[in-house]
Protein chains: 2
Amino acid sequence: MKYDPQKKLNRNTQRTLKAFSEAMFGLLGEKNFEKITVNELCARCDYPRATFYNYFDDKYDLVSYCWYQLGKDAHLDAAQTLPTNESLLAVFDEVYRLFTEHHDLLNRVVEHNPIDGLLINDFIHHFNQVMTQLFANGLSNHQTKTPIELMAQYYSNTVLLVLKWVFLAQHNVTLDTARSYLTELLTKPFLSDANN
Amino acid sequence: MKYDPQKKLNRNTQRTLKAFSEAMFGLLGEKNFEKITVNELCARCDYPRATFYNYFDDKYDLVSYCWYQLGKDAHLDAAQTLPTNESLLAVFDEVYRLFTEHHDLLNRVVEHNPIDGLLINDFIHHFNQVMTQLFANGLSNHQTKTPIELMAQYYSNTVLLVLKWVFLAQHNVTLDTARSYLTELLTKPFLSDANN
DNA sequence: TCAAAATTTAGACACTTGTAAAACCACAAA
DNA sequence: TTTGTGGTTTTACAAGTGTCTAAATTTTGA
């Protein structure tokens, strides 16, 4: 991104960013991301090519701005109070809520894009970044042999693994079931040798 | 891949595949993957463009063939005997060994490619696929509330998280330390509320 | 209200991509 | 030796990418 979305932007800039991200969201629901061209995006929102490159480096840049937009109204303050079961699950719940809110967008995206393709990877990766950061802060005064950064990545990874399973791999289980999966994964005390 | 590397290939085909993958390995150590063009690959191994497209769909296709080549001499049979601590760690050890074997290639790659960029994601993803498959087989007669496929993904994810930390994020800790991280992550019985 | 400053747009450019048709080659069977 | 077949290579092409310059337009501040 050439513009920092955190910063105050003038009305014109906001309008342009919105137009492009809406064009992208629209097209994502219609066809494979790889097949989407910059020309197409520009045609859809009726801006010249040069304007696109004025705001974004390329379509990857735009799509990551889209994920930012999509994620920015999640309230993940619970992560600040890590480490507790409750706060971890609270974060999980909130992202579950967010993904539910955009359920039909996600469904349409999954229809046209492979689950392990670049686009969905990128989507997951975006939230992974955000959550890892949050968890790392929350864990900052926690002490373990394992580095905090690694722990944060682990928790974020695992939370998103379950959410990907539910919303992108479309197993569409209830929040309670999803929670029970997450809890089992995180608490399962390693594979027992006496098992089976 | 237009050719199945499992199948027997005639000498010519093998030579061509090898030439292209070596060209790719070479260039990966020299510059960012995004900047590598098909023309460049062809120039390096002195094959015409059309030949490239004869064998691969695009450079992503080639690079995934490269990862396949790199990974194919890992002996991961231990995964068949899941679920036990030992077999999981045995798999971990073996991939650790494999990555150590290619330590300088990985270092060079990391020098030119962002840790969270497309290339390294793809690299991790390749091994994730392979390991998830193995674990899913190993777990097939194991019963839990959580779906087996999800469990397999969880173990594979976590193993690779640590390996990525060590080899790609270049914290370069010893096998023993790496093992202890993995064990702590997998056994840590959730975040305790009484903590800190 | 006007001129300077900044931003947006048009058009062109060099380059890459992936595909397709036709020429070319090697090697086997007749 | 001839002929056919399969694969490789040449060449050409349509389309997309990202960059650049200059012109047009908008914004800003005096």
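Throughout, protein chains are lettered first and strands after them, A, B, ... in sequence-line order, and every chain is numbered starting at 1.
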Self-check item: Residues which pass ring pair (Phe, Tyr, Trp, His ring centres under 6.0 Å) with B/F123, listed by chain and number, not counting sequence neighbours
Solution: B/W67, B/F99, B/F127
Practice problem: Please name all residues satisfying salt bridge (charged side-chain N to carboxylate O under 4.0 Å, His left out) with B/E94, sequence neighbours left out, ordered by chain then number. | Solution: B/R97
Quiz prompt | Start and end of the DNA chain D segment that chain A contacts, any atom under 4.0 Å from a heavy atom | solution = D/dG16 to D/dT27
Quiz item: Among pairs that include at least one residue of residues 101-122 of chain B, which meet ring-ring contact (aromatic ring centres under 6.0 Å, His included), considering only residues two or more places apart or in two chains?
Solution: none
Measure all distances between protein nitrogen or oxygen atoms and nitrogen or oxygen atoms of nucleotides 20-27 of chain C, and list the pairs falling under 3.5 Å.
none

Practice problem: State, with a plain yes or no, whether a side-chain heavy atom of B/D122 is found less than 4.5 Å away from one of A/L118. | Solution: no
Quiz prompt | Sequence-distant partners of A/E149, salt bridge (charged side-chain N to carboxylate O under 4.0 Å, His left out), two or more places apart | solution = none
Quiz prompt | Integer-rounded Å distance: C/dG11 P and A/Y53 OH | solution = 18 Å
Quiz item: Do A/H125 and B/D116 have side-chain N/O donor and acceptor atoms under 3.5 Å apart?
Solution: yes
Quiz prompt | All salt bridge (charged side-chain N to carboxylate O under 4.0 Å, His left out) counterparts of B/R179, not counting sequence neighbours | solution = B/D93
Exercise. Select from A/F52 and B/Y55 the residue whose nearest nucleotide in DNA chain D is closer to the 5' end of that strand.
Key: B/Y55
Quiz item: What is the distance from CG of A/D46 to C1' of C/dT8, rounded to the nearest Å?
Solution: 14 Å
Practice problem: Round to a whole Å and report the spacing from CZ of B/R49 to C1' of C/dT19. | Solution: 10 Å
Expected list for residues 56-63 of chain B: side-chain donor-acceptor pairs under 3.5 angstrom, two or more places apart:
from  : atom 1 : to    : atom 2 : distance (Å)
B/D58 : OD1    : B/Y60 : N      : 3.2
B/D58 : OD1    : B/D61 : N      : 3.0
B/K59 : NZ     : B/F33 : O      : 2.9
B/K59 : NZ     : B/E34 : O      : 3.2
B/K59 : NZ     : B/I36 : O      : 3.0
B/D61 : OD1    : B/M1  : N      : 2.6
B/D61 : OD2    : B/M1  : N      : 3.1
B/D61 : OD2    : B/D57 : N      : 2.8

Exercise. Please name all residues satisfying side-chain hydrogen bond (donor to acceptor under 3.5 Å, both in side chains) with B/S140, sequence neighbours left out, ordered by chain then number.
Key: none
Quiz prompt | d(CG, B/N54; C1', C/dT19) in whole Å | solution = 12 Å
Quiz item: Can you name the residues that form a salt bridge (charged side-chain N to carboxylate O under 4.0 Å, His left out) with A/R108, not counting sequence neighbours?
Solution: none
Quiz prompt | DNA chain C contacts made by residues 26-40 of chain B, counting heavy atoms under 4.0 Å | solution = B/T37, B/V38, B/N39
Quiz prompt | By side-chain contact (heavy atoms from CB on, under 4.5 Å) - contacts of A/N128 (at least two apart) | solution = A/T132, A/S156, A/N157, A/L160
Exercise. Mind calculating the distance between CG (B/L41) and C1' (C/dT16) to the nearest angstrom?
Key: 13 Å
